[in-house]
Each structure stands twice: as C-alpha cells, then as structure tokens.
Novice: 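The structure follows.
Numbers for residues simply follow the sequence, beginning at 1.
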Amino acid sequence: MKSKKSLFIWITVAAIVIGGIVFFLTKKKEAPLTEEGAFEIAFNKQGGLAFLSAKNNDTISTIDIEIADNNQRRARGLMYRKSLPADAGMLFIFDTEEIQGFWMKNTYIPLDMIFVNADNQIITIHTNTTPMREWNYTSTKPALYVVEVNAGYCVQNNITEGDKIVFDLSKKL
C-alpha cells in the first residue's frame, strides 16, 4: 500500500514539473529586455521628415519617422527602447495646437525634443534630454507637433528655432 502511495506522489510531482516546463517553453516571448529594462524594438518607418532653413527654405537634413498620432502611441512614444537609428525619429501629431509637455520616464535614449507649431515652424528645442528623468520638457508656445531625434542631432545639423519641418506619411521624402 505504501509503495502505491509513493508511486502516486512521484507521478504527481513529475507531472507538475513536466507541465511547468512545457508551460514556460511554449509561453509567447516578448521583445527581449536589456539589462537596463529597454526593449529591442525595431524602428518602423512610416514616413519622412525634412528640416528646412528659416533663412532660405533649403533642406538642412532629412530623417525617417515613426508616427505617434493617437493617445496610446503618444503616451508610449520612444519609451523602453534601447536605440534609435541615427537618421530616424518619431513625429508626434496632436489634435490641437497647445502648450505640449514631455518627460523622459522609462525612456532610455537621450533625445532632442523639437516642438513645432501649426505653421510647421520650430518654436522650442530641448537638446540632450536626460534619460529616465521625470522632468517635464515643455514648449514655450503652443505646438501641434513634436519631433524626437537622438540627442545631438540638432547641434550636428544646425537645426534652430525658427527653422521649419515638412513631412510625408507615404514613406517617401
């Protein structure tokens, strides 16, 4: 009687262990996390954006862009990402032109934040924002768009307040 009971316990324990192993091996995998907690999220080109000189309307530089055009995408932005291609950024499109504020909570990449009004004119630039900081970076005037690029991009390309942007959401430009 004792040996049947022991055999039953061993079979039950083995079934639980095997079931746990099968569960963890077949569980859907999410994007891998880095040591810091950032995800390996691939950049998804959804359009192109050009920065234009305020002086002569010449193109200063161009980038590929991802679009954040609804509340969910705008709230997520570039949070949790490990990297962003050098010639890429995210364009946030808002429903109304107003003072906009962004923070760097859960953002692992230092960024330049470029605030743009409804006339496509750059009105505020915050360069080299500090990752993981809950500080609020705001526009100095009402903005309809915000462009985020890697930190240093504005200095490297001489992009300044008063310059303009144009964008195309058909993946061209």
Novice: Would you find a donor on one side and an acceptor on the other, under 3.5 Å apart, between the side chain of Glu66 and the backbone of Asn44?
Specialist: yes
Novice: To the nearest 0.5 Å, what is the distance between CZ (Arg133) and NZ (Lys105)?
Specialist: 15.0 Å
Novice: Does Lys141 form a salt bridge (charged side-chain N to carboxylate O under 4.0 Å, His left out) with Glu97? I'd like the steps, not just the answer.
Specialist: CA-CA 9 Å; Lys141 297 176 186 170; Glu97 184 181 40; over 6 Å; no
Novice: As a quick check of understanding, evaluate side-chain contact (heavy atoms from CB on, under 4.5 Å) for Ile122 and Thr160, giving each step before the final call.
Specialist: CA-CA 7 Å; Ile122 297 172; Thr160 60; over 6 Å; no
Novice: When you check the side-chain N and O atoms of Thr124 and Ser139, is any donor under 3.5 Å from an acceptor?
Specialist: no
Novice: Can you confirm if the aromatic rings of Phe102 and His126 lie within a centre distance of less than 6.0 Å?
Specialist: no
Novice: Centroid-to-centroid, Phe167 to Tyr145, below 6.0 Å?
Specialist: yes
Novice: Side chains of Asp58 and Asn56: do they bring a donor and an acceptor to under 3.5 Å?
Specialist: yes
Novice: Got a second to check how far Gln100's CD is from Thr140's OG1, nearest 0.5 Å?
Specialist: 12.0 Å
Novice: Can you spot which of Asn157, Thr59, Asp163, Ile63 makes a side-chain contact (heavy atoms from CB on, under 4.5 Å) with Phe51?
Specialist: Ile63
Novice: So, do Ser61 and Tyr153 sit near enough that their side-chain heavy atoms are less than 4.5 Å apart?
Specialist: yes
Novice: For the CH2 atom of Trp103 and the CG atom of Asn136, what is their distance to the nearest 0.5 Å?
Specialist: 8.5 Å
Novice: Distance check, rounded to the nearest 0.5 Å: Tyr137 atom OH versus Glu148 atom CD?
Specialist: 11.0 Å
Novice: As a test of understanding, state which of Asp95, Ile93, Leu169 forms a side-chain contact (heavy atoms from CB on, under 4.5 Å) with Asp69.
Specialist: Ile93
Novice: I'd like to check Phe94 versus Arg74 (side-chain heavy atoms, cut-off strictly below 4.5 Å). Are they in contact?
Specialist: yes
Novice: Using 0.5 Å steps for rounding, measure from the CZ atom of Arg73 to the CG atom of Leu91.
Specialist: 12.5 Å
